[in-house]
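This report concerns only the one structure given below.
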Amino acid sequence: MPEVQEKFGVKDPLQVIDFLGMMGDSADNIPGLPGVGEKTAKKFLTAYGSMENLLENTHELKGKMKEKVENAKELGLLSKKLATIMLDVPVTFEAKDFELEQPNIEKVTQLFNELEFRNLLTNFLKTFANTDGVKATIASNSSEEPLKSTSKKASTKTDGQFGLFDSPGTGSFQETEISSGYKTIKNTDHFYQHINTPLSRKLLLTKLMQQTSVCFDTETTGLKALEVELIGIAFSWEIGKGYYVSFPENHSETKTILEEFRPFFTSEGIEKVGHNLKYDIKVLSNYEMPVKGSLFDTMIAHYLINPDMRHTMDMLAETYLNYQPVSITELIGKKGKNQLSMRVIPIKEQTEYAVEDADITFQLKEHFTKELFEGNLTKLFNDIELPLVSVLTAMEIEGVNVNVGFLNELSVALTDDISRLEKGIYEQAGEEFNIASPKQLGIVLFENMQLVTKPKKTKTGQYKTGEDILSYLAKDHKIIRDIQEYRQYKKLQSTYVDALPNEINEKTGRIHTQYMQAVAATGRLSSNNPNLQNIPIRTERGREVRKAFIPRDENYVLLAADYSQIELRIIAALSEEETMIEAFKNGEDIHASTAAKVFNVPLKEVTREQRSNAKTVNFGIIYGVSAFGLSNQTDLSRSDAKELIDTYYETYPKLKAYMSSQVDFAREHGYVETVLNRRRYLKDINSRNAMIRSGAERNAVNAPIQGSAADIIKLAMIHINSRLEKEHFKTKMLLQVHDELVFDVHKDELERVKPMIKYEMENAFKMQVPLDVEVGLGNNWLEAH
DNA sequence: CCGCCCACGC
DNA sequence: GACGTACGTGGGCGGA
């Protein structure tokens, strides 16, 4: 009905609302029909989409009407009837449907005459009958096939689209349906509504507050949660239905609008469903909007259900819902400098995209709730992973202070050393080349200089120049030692010293890493942008970088708390290997203790080399090392390595038995699990390919150990965080590095917090082996170690 | 733009 | 005879 658009200058497709508004305005003077007001009507209907929803939920509207009408309910029925008659469609249809239809002019005329709505009738006919008189003409299309009412759910045809069973010319999307096999937004019933007025937001909020579980999804200007601006938020709590609240570009205006939804976000009683909620919560934190109540994160749910798979929503939608969502790439382009901002995408497409995501996510929840239960994962999900979301969010928002000046000085010094080494290397090689290029370096070392007769090659035919290769040659060639040093400094400079200052957030002046909670197949976290879990510590020069990590200010001190040998303690406890358990109970140096036993010498007479070899075996056990691998890593010959491993298993027989039992369990059940029932499926455990199979067997041993350690530190993090909050400490948890936690401790709290952290870490999970935590303090991360 | 090589952590 | 330690992230190179 373009006439309506012209007449009222309305671009919004929901012309019917304007018509109703007009009707309301005109009806102001008519007894029995209160004025609704065009704007009011529009807003209410925008929020609720259908008259039915509108009438069921607009308490406020009804309240206002009460002044004018004795029986609000009666008015509701009247309006409903009006809408039905005027538009000749059942009111269960959504507002968007209305624009496809012409009002049934005959019926409306009849009704208005009956009701003596003279002004209204005049206006109505002016608008729809295209006459200025009272003569009622029956619109020619009113006899056409009525809108399909067969759909049970919210049944909206997107604009310009036809339904599945509609008239000819609709073959195009059926073809795509056949070719992809997935349902898409084009052939799926949905009602996604854009919300952008105060009243409609109020109505949405009212509706939100009546729910027990709602999915929300933020649309933003980018990927860095702490730097982006909010563009919109999609909400969904019903299959195929949802709302998209859009926000202006102005930050404080956005904040004001978002503030309207505070009751929802801070409601303890409404479960918040989302996909990667940590991101959304961080975005909202930019507007000082906390998110309370229980969470349900579909990304994490799926991570527990199958940690080895990918957990993108697109993939989950295809797998679990047989549905292919609108691709973000199609919408805003491939990532790169030409990628569009969501902001410039037409609001209709934004709405479709955003609400679809929320809709899908909400639907996924049902699937995953069931699968979590079936996998015995509900407790892990609810008691560990979901509470951890909030802990990690807080850590990421908190960030860590860094000494940029120090890093800059370090960089200058490294540049000096690098160029000095560079010169020397060129001299020794007799030519200039790019030392940082393994390809060029290999040619120089092994072709031109021929340092080795049979150099090893990679599968792509390049010469191997890795650290293990170079270290064999280091003794005999100064150039190799220089190259090793060069490599080390280059690495330090590019990956850490020069990169870290670029990661500082302009607003906070701190580095905010991101913890990935659904990446590592064993249950560990990972860290990126920047990765703060691989800051150097082993080499003298490298560990300097740690000095750059400093407390918040002079009132604080960094505290680093490390689990000592947690993985070995876990394997000792799980295997119930008494000898090893005793060693831990007695507080022995486990590697020395192992050495004493396998080399059959008194503890005090263990040599450095023996301890070192024992240590290598201890770690090898965790990772599943072979005699070959062990001999490669130590000075031992292959046969000595084999003997050492054999003796090791004789010393710790139950350990060997445990490892076999894990492999057996995996063969039988297809998965292994941690102390908190975190699962890892090992599909290759029965592979005929020996190499693939043994890889799975190593995983069968390693995953429960590494994963249990991850479980335990996560538990400790949750406990510590909750105590820091409850007891109102200023101290903040900053970093997690697999078996270590780093805190910014207020000096006044040190005496209370230090033992608390140690206690919570050591007692996070009870086993037959005690857990031991070493706590250090310092004015930088290195000192705190 | 992406795969490869290399190197940092636990 | 070959192959053979888990889990990650990221920078630089070089070919497409």
Side-chain angles (χ1 to χ4, degrees), chain A residues 307-308 334-337 433-442 457-470 483-484 486-500 502-503 513-516 519-539 541-543 545-546 562-568 571 616-634 638 641-642 645 672 680 689-707 709-710 713 735-740:
Chain A
D308 281 284
K334 280 190 224 166
K335 61 180 172 187
K337 61 182 160 95
F433 63 101
N434 186 349
I435 310 165
S437 159
K439 191 186 167 96
Q440 294 182 37
L441 180 64
K457 289 195 175 184
T458 67
K459 55 183 164 230
T460 54
Q462 276 189 45
Y463 296 110
K464 283 189 173 179
T465 65
E467 170 59 27
D468 48 339
I469 306 284
L470 294 190
I483 289 165
Q484 287 175 308
Y486 173 91
R487 278 243 176 105
Q488 198 201 341
Y489 297 161
K490 268 278 186 187
K491 169 81 178 176
L492 288 177
Q493 194 174 44
S494 65
T495 309
Y496 304 103
V497 179
D498 288 352
L500 287 173
N502 295 327
E503 298 286 350
T513 186
Q514 197 182 163
Y515 289 102
M516 307 299 282
V519 169
T522 51
R524 273 190 178 182
L525 300 176
S526 79
S527 154
N528 61 22
N529 302 308
N531 184 353
L532 295 187
Q533 290 183 323
N534 72 345
I535 302 301
I537 192 163
R538 288 172 191 187
T539 66
R541 203 72 188 272
R543 68 199 324 182
V545 176
R546 296 205 167 212
D562 277 65
Y563 278 111
S564 154
Q565 309 296 351
I566 187 166
E567 292 188 343
L568 280 176
I571 198 172
T616 310
V617 185
N618 274 335
F619 280 114
I621 294 305
I622 295 170
Y623 300 145
V625 78
S626 63
F628 178 87
L630 182 62
S631 75
N632 256 355
Q633 279 235 324
T634 61
R638 199 152 152 188
K642 186 181 183 315
I645 290 172
V672 288
R680 181 167 186 190
N689 180 325
M691 203 153 69
I692 291 177
R693 188 177 61 245
S694 59
E697 287 171 359
R698 284 195 297 275
N699 286 337
V701 176
N702 172 263
I705 299 166
Q706 194 180 113
I713 196 168
L735 305 174
Q736 191 254 39
V737 193
H738 308 307
D739 64 356
E740 170 188 8

Does [X] use its side chain to pair, donor to acceptor, with the backbone of [Y] at less than 3.5 Å?
| X | Y | answer |
| --- | --- | --- |
| A:Asn531 | A:Gln533 | yes |
| A:Arg541 | A:Tyr489 | no |
| A:Tyr515 | A:Gln736 | yes |
| A:Gln440 | A:Asn434 | yes |
| A:Asn702 | A:Ile622 | yes |
| A:Ser694 | A:Glu697 | no |

Inset, instruction - Check if the side chain of A:Arg638 and the base of C:dG4 share a donor-acceptor pair of N or O atoms closer than 3.5 Å. - result: yes
Inset, instruction - State whether the distance check finds a donor on one side and an acceptor on the other, under 3.5 Å, for side chain A:Gln706 versus base C:dA6. - result: yes
On the nucleotide [N], are OP1 or OP2 found under 4.0 Å from the side-chain N or O atoms that [X] carries?
| X | N | result |
| --- | --- | --- |
| A:Asn534 | C:dC7 | no |
| A:Thr460 | B:dC5 | yes |
| A:Ser526 | C:dT9 | yes |

Inset, instruction - Compare all side-chain heavy atoms of A:Asn618 with those of A:Gln565 and state whether any distance is below 4.5 angstrom. - result: no
Inset, instruction - With the side chain counted from C-beta on, respond yes when A:Phe619 and A:Val625 share a heavy-atom pair under 4.5 Å apart, and no when they do not. - result: no
From [options], pick the nucleotide closest to the side chain of [X]?
| X | options | value |
| --- | --- | --- |
| A:Thr458 | B:dC6, C:dG4, C:dC7 | B:dC6 |
| A:Asp739 | B:dC10, B:dC5, C:dG8 | B:dC10 |
| A:Asn702 | C:dC3, C:dA6, B:dG9 | C:dA6 |
| A:Ile537 | C:dG8, C:dA6, B:dG9 | B:dG9 |
| A:Gln488 | C:dG4, B:dC8, B:dC5 | B:dC8 |
| A:Arg487 | B:dC6, C:dC7, B:dC4 | B:dC6 |

Identify whether any heavy atom of [X] sits under 4.0 Å from a base atom; if not, whether one sits that close to sugar-phosphate; answer base, sugar-phosphate or nothing.
| X | value |
| --- | --- |
| A:Lys464 | sugar-phosphate |
| A:Asn699 | sugar-phosphate |
| A:Gly620 | nothing |
| A:Ser694 | nothing |
| A:Ala521 | sugar-phosphate |
| A:Val519 | sugar-phosphate |
| A:Ile622 | nothing |
| A:Arg680 | sugar-phosphate |

In whole angstroms, how far is the [atom2] atom of [N] from the [atom1] atom of [X]?
| X | N | atom1 | atom2 | result |
| --- | --- | --- | --- | --- |
| A:Met516 | C:dC7 | CE | P | 17 Å |
| A:Arg524 | C:dG8 | CZ | P | 9 Å |
| A:Gln493 | B:dC8 | CD | P | 14 Å |
| A:Tyr623 | C:dC7 | OH | P | 10 Å |
| A:Gln462 | B:dG3 | CD | C1' | 11 Å |
| A:Ile483 | B:dC5 | CD1 | P | 18 Å |
| A:Arg543 | B:dG9 | CZ | C1' | 13 Å |
| A:Tyr496 | B:dA7 | OH | P | 12 Å |

Inset, instruction - Give, for atom CD of A:Glu503 and atom CG of A:Leu532, the distance between the pair rounded to the nearest 0.5 Å. - result: 8.5 Å
Inset, instruction - Output, in order, the C-alpha distance, side-chain angles, deciding distance and verdict of side chain to side chain contact (heavy atoms under 4.5 Å, CB included) for A:Ile435 and A:Lys490. - result: CA-CA 10 Å; A:Ile435 310 165; A:Lys490 268 278 186 187; over 6 Å; no
If we take the [atom1] atom in both [N] and [M], what is their distance in whole Å?
| N | M | atom1 | value |
| --- | --- | --- | --- |
| C:dG1 | B:dA7 | P | 31 Å |
| B:dC5 | C:dG4 | P | 13 Å |
| B:dC6 | C:dA2 | C1' | 24 Å |

Legend entry - Polar side chain donor-acceptor pair, A:Thr634 to A:Thr616, under 3.5 angstrom: no
Inset, instruction - Using a 3.5 Å limit on both pairing distances, list the dot-bracket string of DNA chain C from the 5' end; Watson-Crick and G-U wobble pairs count, crossing pairs take [ ], interstrand pairs take |. - result: ......|||||||||.
Inset, instruction - Let me have a per-nucleotide readout for nucleotides 11-16 of chain C, 5' to 3', with B, S or -, counting only protein heavy atoms under 4.0 Å. - result: SSSSS-
Inset, instruction - Applying side chain to side chain donor-acceptor pair (under 3.5 Å), run through A:Glu567 and A:Gln706 and close with a yes or a no. - result: CA-CA 6 Å; A:Glu567 292 188 343; A:Gln706 194 180 113; 4.6 Å; no
Legend entry - Which residue lies more 5' along DNA chain C, comparing A:Met691 with A:Pro530 via nearest heavy atoms: A:Met691
